[in-house]
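Here is the naming used below: chain letters follow the sequence lines, and residue numbers restart at 1 for every chain. Because only heavy atoms are used, hydrogens play no part in the values below, and waters and symmetry mates are left out as well, while side chains stay in.
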Amino acid sequence: MLELHDGALNVPEILTRWYVQESASNYGAYIPFVGTVRDEDGIEGLSFDVYEPILTSWFDAWVAKAAPLGAKLKMAHSRGDVLLHESSYIAAVFSPKRRVALETIDAFVEDFKASAPIWKYDLRDGQRLYARDRSTAIAGAGLLGSAQ
Amino acid sequence: MLELHDGALNVPEILTRWYVQESASNYGAYIPFVGTVRDEDGIEGLSFDVYEPILTSWFDAWVAKAAPLGAKLKMAHSRGDVLLHESSYIAAVFSPKRRVALETIDAFVEDFKASAPIWKYDLRDGQRLYARDRSTAIAGAGLLGSAQ
Amino acid sequence: MITVEFLGPIQKPILSMEASTLRDVAEVLRQDDEMAQWIDSCAVAVNDTLVSSLDTVLKEGDKVSLLPPVCGG
Amino acid sequence: MITVEFLGPIQKPILSMEASTLRDVAEVLRQDDEMAQWIDSCAVAVNDTLVSSLDTVLKEGDKVSLLPPVCGG
């Protein structure tokens, strides 16, 4: 399940809803990762653009990769503005066993940071400034500039 | 913070309370690990004995180890009976950065399984049977049997 | 005709052009001064699937998307 | 006198004995048939701190605890 929300995530509602949804699924481990906007470098908050078609196919590929391990993935992300100390991201894994859960949440979150088509902006003085220096080129980027 | 509860944990309450407690602490990542009793091998549930003095010193040592990384740890565990699909264990890490959070939750949960003075019993036919085959001798065990 | 769209922070309206492979798109965009700061760091999707070859064949109505460096979370 | 307590699944009441080091405790427990199944898998704490040497010195009132294999979670 992939959810996009306008503005900050309601973390207690989402963590609880997912826990209850899987309460009879016989998973032994549930690990959510919650990402929260830090007060740093004088920003007022962050803002996000999400490109949903590719995010969905990226997420679906992860669901397919986790299934043979017996693991289930869920994810929620914000669109638009998220202020300081509000949360913009939850990724979660459910699995029968803890090793699979611990390894999957790590790999899933890291690949999310490297690959998910979401762009982050700093909010400063009412402006929305692309956080280029903290952004990562997607694997294979530069194709159009290369002299093949 | 280390909490011991009689019977199953109220997971939504605990996950929410911890999230709210740290909502102004400027952590960027919150990762709880929730352990739930699986329906397997015909058990009716699990039951736990906890030896609190050594559990507390084990936990305090982890808090001290996490502090220089900027990470904060919390843990809740059940005493007594926990039925199928109920949860008995939550470990959580808060940290400014995701790598520290992901690595710390993994190491914390694994060391918990290997070292925390908690004993697990299967509930079957109203009996409480020590789960010896799933238990791990604490590092250094066997001292009294060794011929030093 | 195919369309080229620019995602996230790239402030550029959708382009329409004739192109039979992604190489044709690359040739146009390399001439575009606005794209100079982006072209080496963008990933490319055709109809919402990431692609890795300039020889990718394009047909009438295809959508090419340029994805600049990402930072979700 | 020191006391020896058995934690978790070891169904054995607290013992009291004279002992000047953990080696003295080991000698007593090795004679105890009830302990045969446990002694090689138990960790040992003195006053709630895990110890790793039989030469650990014990003094009047010390508490020795035996911790069988654990499984929290």
For a quick test of reading the model, state the closest non-hydrogen atom pair linking [X] to [Y] and the distance between them.
| X | Y | value |
| --- | --- | --- |
| A/Y121 | C/P9 | OH-N, 3.0 Å |
| C/S41 | A/A141 | O-CB, 3.4 Å |
| C/G73 | A/S88 | O-OG, 3.0 Å |
| A/R132 | C/Q37 | NH2-O, 3.0 Å |

Item checked: chain C contact via A/A114 - which portion, at a heavy-atom distance below 4.5 Å ->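 For A/A114, the contact with chain C is made by the backbone alone.
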Note to self: Is A/T136 in contact with chain C via its backbone, its side chain, both, or neither, using a 4.5 Å heavy-atom distance?
What the structure shows: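 Both parts, heavy atoms under 4.5 Å.
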Nearest-0.5 Å distance that lies between atom [atom1] in [X] and atom [atom2] in [Y]:
| X | Y | atom1 | atom2 | result |
| --- | --- | --- | --- | --- |
| C/L50 | A/S115 | CG | OG | 8.5 Å |
| A/T56 | C/D48 | OG1 | CG | 9.5 Å |
| C/L66 | A/L143 | CG | CG | 9.0 Å |
| A/L144 | C/E27 | CG | CD | 11.0 Å |
| A/F112 | C/C71 | CZ | SG | 8.5 Å |
| C/C42 | A/I138 | SG | CD1 | 8.5 Å |

Notebook entry, point to check: If you count heavy-atom pairs under 4.5 Å with chain C, which of A/P53, A/G35, A/A131 comes out on top?
Noted result: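 It is A/P53.
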Item checked: Between C/V44, C/L29, C/L67, the one whose heavy-atom pairs under 4.5 Å with chain A are most numerous ->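 Counting heavy-atom pairs under 4.5 Å, the top option is C/L67.
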Next item on the list: Give a yes or no answer on whether the side chain of A/K120 reaches the backbone of C/V70 with a donor-acceptor pair at less than 3.5 Å.
Entry: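 Between the backbone of C/V70 and the side chain of A/K120 there is no qualifying donor-acceptor contact (under 3.5 Å).
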Notebook entry, point to check: How about C/W38 and A/Y130: are their ring centroids closer than 6.0 Å?
Noted result: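 When the ring centroids of C/W38 and A/Y130 are compared, they turn out to be within the sub-6.0 Å range.
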Checklist line | Region of C/Q11 in contact with chain A, defined by heavy-atom distances below 4.5 Å | finding: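 It is neither, since no heavy atom gets under 4.5 Å.
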